[in-house]
K.L.:
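Here it is, the structure in full.
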Amino acid sequence: MVLGNYKQCVSARATDRSILARAQDGGIVTQLFAFALDEGIIDGAIVAGQGEQPWQPEPIVATTKQELFAAQGTRYNICPNMALLKEATRSYGLDKVGVVGTPCQMQAVRKAQLYPVGMRYVGDKIALAVGIFCMENFPYQGFEAMTEDFCNVKLESAAKMDIGKGKYSVYTERGAVSQMPLKHTLKFVQPGCHVCLDYVANLADVSTGSVGSPDGWSTVFVRTKNGDDIWAKAMAAGCFETKPIEEVKPGLELVTKLATDKITKNQKHVDERATFGVRADGSGKALRSYL
Amino acid sequence: MVQPVAEVVEKPAEKPGDVKIEQKVEVTKEEKPVAEKITAGHVHLSGCTGCLVSLADNYEGLFKLLDDYVDWVYDLTLADVRHVPEMDVAFVEGSVCLNQDLAVEELRETRKNSKIVVALGGCACYGNVTRFGRGGQWNQPSHEAFLPIGDVIDVDLYIPGCAPTPQQILHVAVMAYLLLKGSDEQKELATSYLKPLMDLAKRGTEACGCDLMFDVINQSLCMGCGLCAASCPVRAIDMVFGKPQIDTSLCIKCGACYAQCPRSFLNMDVINEFEGITELVAAAMGTGGE
């Protein structure tokens, strides 16, 4: 299950130049939601809008393309999109909800559907769940420390952040680039990420991320029947330019490597939890496991 | 003149009218074409009937359930049966009031007569709002001890939440049917599906939004997805800087947030099959389009 079940995998980017211009990578999420919104496949999507603090994301229900476009790009800190899963069907009255999230958030979506303990008439309204690749995430304060203390860029003056090639990079409006080695960011990772065994959002309808594709492109896994159906429609409408994943560098090999690295590292942590505490008689007094 | 008087005297002396009616109901049920149904019922203790309404809120799904899978043998509001009969699955709504002998007796009878006892809803699982009862209310001022049913009997499975959702009740009902009447493969799936809810029953009879702090954040398991906030029926949970912040004065102790949290349990053997299971339930309900 390193890469999860998928029907197809391609390298892709949006054909809409205005989306691409402001995209983190290939503009896949925004383009796919914009298409689904146009076609009535979704009535709105839960995406990461702008929160109170600079570069702090806050979940919003976007019901127009303008709202989608305003939420473009990655902000490397926690955005609890699932908090709006029910609200989107209530205050916003959506019958067909789109939602984007990290692998753990896709797990939350599926648990909400299979075990809808507090999710009355919500599960069947989730029309498109888009997952994004994720190695780990940071609390806002950790992200702030990385950007301001290590990279010496005030959050207000940052134009884009990026993680790739072993570095955390911050770009400013005036073109300066500050970087820090990824290994120094590890102390800021939220601890809950260390028990996660999913890198490429195995449970999404469609999952995407930059890893595996050239700059400006994204790797896309189409996973479910529903995802396949919507992706096929989007392709037919000319939303995406694609290349076979086998023909791009670094390709699936790198995705597989990073996914395996994450799973191996975190499985070790999960195993260690079982014997973390020790009772007087030598038996384990564990940290709780959830799997 | 003499004979009619004798008849009038005889009738009240016999009096087992209830039993006769019960037998008649069963006969008509056996005439239905479906061979293998499970028997289930609803036991109403100190609850608001919201859980039962939630079951009914499956709309046509409820009819399908009753037509094809379940004989509903006991229910204060739907079945004319006085005493808790033997059944496969008993859905118990409400906490049990220790100050009311009849409630305790009925609960014990339920345990004795049921293969599987399901605590349906927050009150039966954790006490929920009845935890706040302090007695002194009309018209039973001496009723003050409302306990989750697990404090009195062994409970097999929890469906937390206030109200529990129609979909969660339906999923449990379908899985219980597969567990008791399905193929080996279906039994295996049903066992995997139901296990976490059975584990919840073993976990205890106390719940609070604090569970998110004690058993998720304090255990370094929270990753800030926000699903707890979505599941809370009283909006007692805010996501602040990516983590749940609980207003405990609003919390009604329904247990939904912790049970809904993907880091309370995540049985990947079931969750990975989300597409298949969703189709299975849809097919069982006759609503599957594909």
Side-chain angles (χ1 to χ4, degrees), chain A residues 1 4-5 51 53 56-59 77-88 101-102 104-105 107-124 136-141 190-198 202-203 223-226 273 287-291, chain B residues 54 57 159-168 170-171 193 196-197 215-233 237-239 241-244 254-268 270-275 277-279 281-282 290:
Chain A
M1 290 300 286
N5 299 321
Q53 311 289 327
Q56 182 190 33
E58 184 176 304
N77 61 107
I78 306 165
C79 189
N81 278 6
M82 301 307 111
L84 288 182
L85 214 47
K86 185 157 70 178
E87 196 61 11
T102 51
C104 56
Q105 293 182 326
Q107 293 173 347
V109 168
R110 300 317 176 188
K111 184 170 176 182
Q113 288 179 313
L114 288 180
Y115 293 93
V117 180
M119 308 296 277
R120 181 188 159 96
Y121 281 104
V122 174
D124 58 343
E136 66 237 336
N137 203 351
F138 306 96
Y140 182 77
Q141 292 79 359
Q190 70 165 341
C193 292
H194 296 315
V195 295
C196 174
L197 305 177
D198 185 352
N202 295 351
L203 300 180
R223 299 187 178 280
T224 61
K225 278 182 202 161
N226 179 42
R273 290 171 73 91
L287 276 171
R288 205 170 62 71
S289 176
Y290 72 107
L291 290 165
Chain B
S54 246
D57 281 349
I159 304 179
C162 183
T165 64
Q167 291 74 34
Q168 184 62 76
L170 184 72
H171 284 187
Y193 180 89
L197 302 175
D215 277 1
V216 185
I217 299 175
N218 289 175
Q219 293 283 311
S220 272
L221 288 171
C222 179
M223 42 50 187
C225 72
L227 196 60
C228 51
S231 72
C232 180
I237 303 171
D238 274 330
M239 296 302 289
F241 283 113
K243 293 287 152 76
C254 74
C257 55
Y258 178 75
Q260 190 69 81
C261 169
R263 293 289 168 87
S264 64
F265 67 84
L266 194 72
N267 45 344
M268 290 311 292
V270 172
I271 304 277
N272 271 332
E273 303 301 320
F274 68 93
E275 236 183 326
I277 294 174
T278 308
E279 282 171 13
V281 174
E290 292 144 331

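Throughout, a chain's letter reflects where its sequence line sits, starting with A, and its residues are numbered from 1. Predicted model, so just to flag it, every value in this text is computed and none were measured.
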K.L.:
Please confirm whether the backbone N or O of A:Val195 pairs with a side-chain atom of B:Arg263, one donor and one acceptor, at under 3.5 Å?
P.N.:
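Answer holds: no.
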
K.L.:
Judged by atom type as modelled, is there a donor-acceptor pair below 3.5 Å linking the side chain of B:Gln167 to the main-chain atoms of A:Tyr121?
P.N.:
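Checked: pair present.
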
K.L.:
Does the plane of the ring in B:Tyr193 sit parallel, tilted or perpendicular to the ring in A:Tyr115? Use 30° and 60° as the thresholds.
P.N.:
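Rings of B:Tyr193 and A:Tyr115: parallel, as their planes differ by under 30°.
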
K.L.:
Contact between B:Glu279 and A:Lys225 at the side-chain level, heavy atoms closer than 4.5 Å - yes or no?
P.N.:
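A side-chain contact exists here, since the closest heavy-atom pair is under 4.5 Å.
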
K.L.:
For a 4.5 angstrom cut-off between non-hydrogen side-chain atoms, does A:Ile78 reach B:Met239?
P.N.:
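With C-beta onward as the side chain, the pair stays apart.
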
K.L.:
Check whether any side-chain heavy atom of A:Leu203 lies under 4.5 Å from a side-chain heavy atom of B:Met268, and answer yes or no.
P.N.:
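When only atoms from C-beta onward are counted, B:Met268 and A:Leu203 do touch, with a gap below 4.5 Å.
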
K.L.:
Could you have a look at A:Gln113, A:Gln105, A:Gln190 and say which one has the most heavy-atom pairs with chain B under 4.5 angstrom?
P.N.:
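Ranked by heavy-atom pairs under 4.5 Å with chain B, first place is A:Gln190.
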
K.L.:
Select, from A:Asp124, A:Leu85, A:Val117, the one with the greatest count of heavy-atom pairs under 4.5 Å involving chain B.
P.N.:
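Heavy-atom pairs under 4.5 Å are most numerous for A:Val117.
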
K.L.:
So do the side chains of B:Leu227 and A:Val109 get within less than 4.5 Å of each other, counting heavy atoms only?
P.N.:
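Of all side-chain heavy-atom pairs linking A:Val109 with B:Leu227, none is under 4.5 Å.
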
K.L.:
Select one option (side chain, backbone, both, neither) describing which atoms of B:Asp238 are under 4.5 Å from chain A's heavy atoms.
P.N.:
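For B:Asp238, no heavy atom lies under 4.5 Å from chain A.
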
K.L.:
Considering only heavy atoms and a distance below 4.5 Å, find which of A:Gly118, A:Cys79, A:Pro116 pairs most often with chain B.
P.N.:
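Ranked by heavy-atom pairs under 4.5 Å with chain B, first place is A:Pro116.
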
K.L.:
Between A:Arg120 and B:Ser54, is there a donor-acceptor pair closer than 3.5 Å when you use the side chain of the first and the backbone of the second?
P.N.:
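No; judged by distance alone, with no hydrogens or angles, the pair does not exist.
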
K.L.:
By a 4.5 Å heavy-atom criterion (distance strictly below it), what part of B:Glu275 contacts chain A: side chain, backbone, both, or neither?
P.N.:
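The side chain, not the backbone.
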
K.L.:
Can you tell me how far the CZ atom of B:Phe274 sits from the CD atom of A:Gln107, to the nearest 0.5 Å?
P.N.:
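Nearest 0.5 Å value for the CZ-CD distance: 11.0 Å.
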
K.L.:
With respect to chain A, which residue among B:Ala229, B:Pro164, B:Pro166, B:Ala256 yields the maximal number of heavy-atom pairs within a distance under 4.5 Å?
P.N.:
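Option with the greatest count: B:Pro166.
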
K.L.:
At a 4.5 Å cut-off on heavy atoms, which part of B:Ile217 comes close to chain A: side chain, backbone, both, or neither?
P.N.:
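Neither; nothing under 4.5 Å.
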
K.L.:
Considering non-hydrogen atoms only, spot the tightest contact between A:Lys111 and B:Phe265 and give its length.
P.N.:
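Taking every non-hydrogen atom into account, NZ-O, 2.9 Å.
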
K.L.:
Which atoms form the tightest heavy-atom contact between A:Leu114 and B:Ile271, and what is the distance?
P.N.:
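Closest approach of A:Leu114 to B:Ile271, heavy atoms only: CD1-CA, 3.8 Å.
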
K.L.:
Just by modelled atom types, is the A:Arg288 backbone N or O under 3.5 Å from a matching donor or acceptor in the B:Gln219 side chain?
P.N.:
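Side chain of B:Gln219 to backbone of A:Arg288: a pair is present.
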
